[in-house]
Amino acid sequence: MSQKIADEIDRRILRELAADARITNNELAERVGLSASACLRRLRRLEETGIIRGYAAIIDPIVEGWTMTAIASIRLSRQHDDEIRMFEEAVKDWDEVIECQLVTGARDYVLTVMSAGLDHYERFIKDKIAKLKCVDTIETSFVMNTIKARRS
């Protein structure tokens with residue numbers, strides 16, 4: 001299926017949903033200047049073509065006991081398929097990792113890691129990341145404050 005945003009109305013629909021995915025179709029239609037039925041047709045097309053990939057609740061990390069965010073930059077010892085697979089499969093099972101990106105530059109991966117504090121993060125590094133034989137270096141920065149977090 002083709003992923004195409006038809007026009008500015010589609011963009012407005014996406015902006016409104018990004019701000020509040022629980023908005024009713026009637027309210028969404030009013031905000032973007034469409035009838036409810038026309039808005040629903042566009043919304044279904046955006047879902048069917050994969051432009052809208054899903055809807056999610058954003059949970060406060062503190063509820064889960066996560067009070068600290070770290071950005072971990074990882075360099076693998078080699079960029080061979082077996083090591084890449086080993087690292088990526090391990091990351092998928094770690095609850096602390098909320099995002100993992102393969103990146104260009106001096107590092108191979110950047111992880112966003114949530115933890116319950118410095119002790120928990122240290123255990124995460126020692127018990128999980130450092131035990132992977134494919135990991136060469138780990139460099140961590142701690143998030144002091146989030147200025148902007150886009151959810152879409």
- Query: Any donor-acceptor pair under 3.5 Å linking the side chain of Thr146 with the backbone of Lys148?
  - Reply: no
Roughly how far, to the nearest 0.5 Å, is [atom2] of [Y] from [atom1] of [X]?
X      : Y      : atom1 : atom2 : result
Thr137 : Leu76  : OG1   : CG    : 9.0 Å
Met114 : Thr112 : CE    : OG1   : 9.5 Å
Ile51  : Arg53  : CD1   : CZ    : 11.0 Å
Ser77  : Phe87  : OG    : CZ    : 11.5 Å
Ile74  : Gln101 : CD1   : CD    : 12.5 Å
Asp7   : Asp10  : CG    : CG    : 5.0 Å

Going only through I, L, V, M, F, W and Y residues with side-chain contacts under 4.5 Å, is there a path from [X] to [Y]?
X      : Y      : value
Tyr121 : Val110 : no
Leu102 : Leu132 : yes
Ile98  : Phe142 : no

- salt bridge (Lys or Arg N to Asp or Glu O under 4.0 Å): pairs with one or both residues in residues 108-123, sequence neighbours excluded: Glu122-Lys126
- Note on the structure: Residue pairs passing the salt bridge (Lys or Arg N to Asp or Glu O under 4.0 Å) test with at least one member in residues 29-38, sequence neighbours excluded, are Glu16-Arg31, Glu27-Arg31
- Any side-chain hydrogen bond (donor to acceptor under 3.5 Å, both in side chains) pairs touching residues 85-97, not counting sequence neighbours? Glu88-Tyr109, Glu89-Lys92, Glu96-Lys128
- Side chain proximity check, Cys134 to Arg78, heavy atoms < 4.5 angstrom: no
- Message: Within the structure provided, determine whether Ile147 and Asn145 are in side-chain contact (heavy-atom separation under 4.5 Å).
- Response: yes
Scan the side chains in residues 56-72 for donor-acceptor partners under 3.5 Å anywhere in the protein, sequence neighbours excluded, and list what turns up.
from: Asp60; atom 1: OD1; to: Ile62; atom 2: N; distance (Å): 3.0
from: Thr67; atom 1: OG1; to: Ala116; atom 2: O; distance (Å): 3.3

- What residues form a side-chain hydrogen bond (donor to acceptor under 3.5 Å, both in side chains) with Asp136, not counting sequence neighbours? Arg75
- Task: Under the side chain to side chain contact (heavy atoms under 4.5 Å, CB included) rule, collect the residues that match up with Glu47, sequence neighbours excluded.
- Result: Leu43, Arg44, Ile52, Tyr55
- Note on the structure: From the list Ile138, Val91, Val113, side chain to side chain contact (heavy atoms under 4.5 Å, CB included) partner of Ile129 resolves to Ile138
- Item | Arg15 with Asp20: basic N within carboxylate O range, under 4.0 Å | no
- Note on the structure: Shortest non-hydrogen pair, Cys39 vs Leu34, comes out as CA-CD1, 3.8 Å
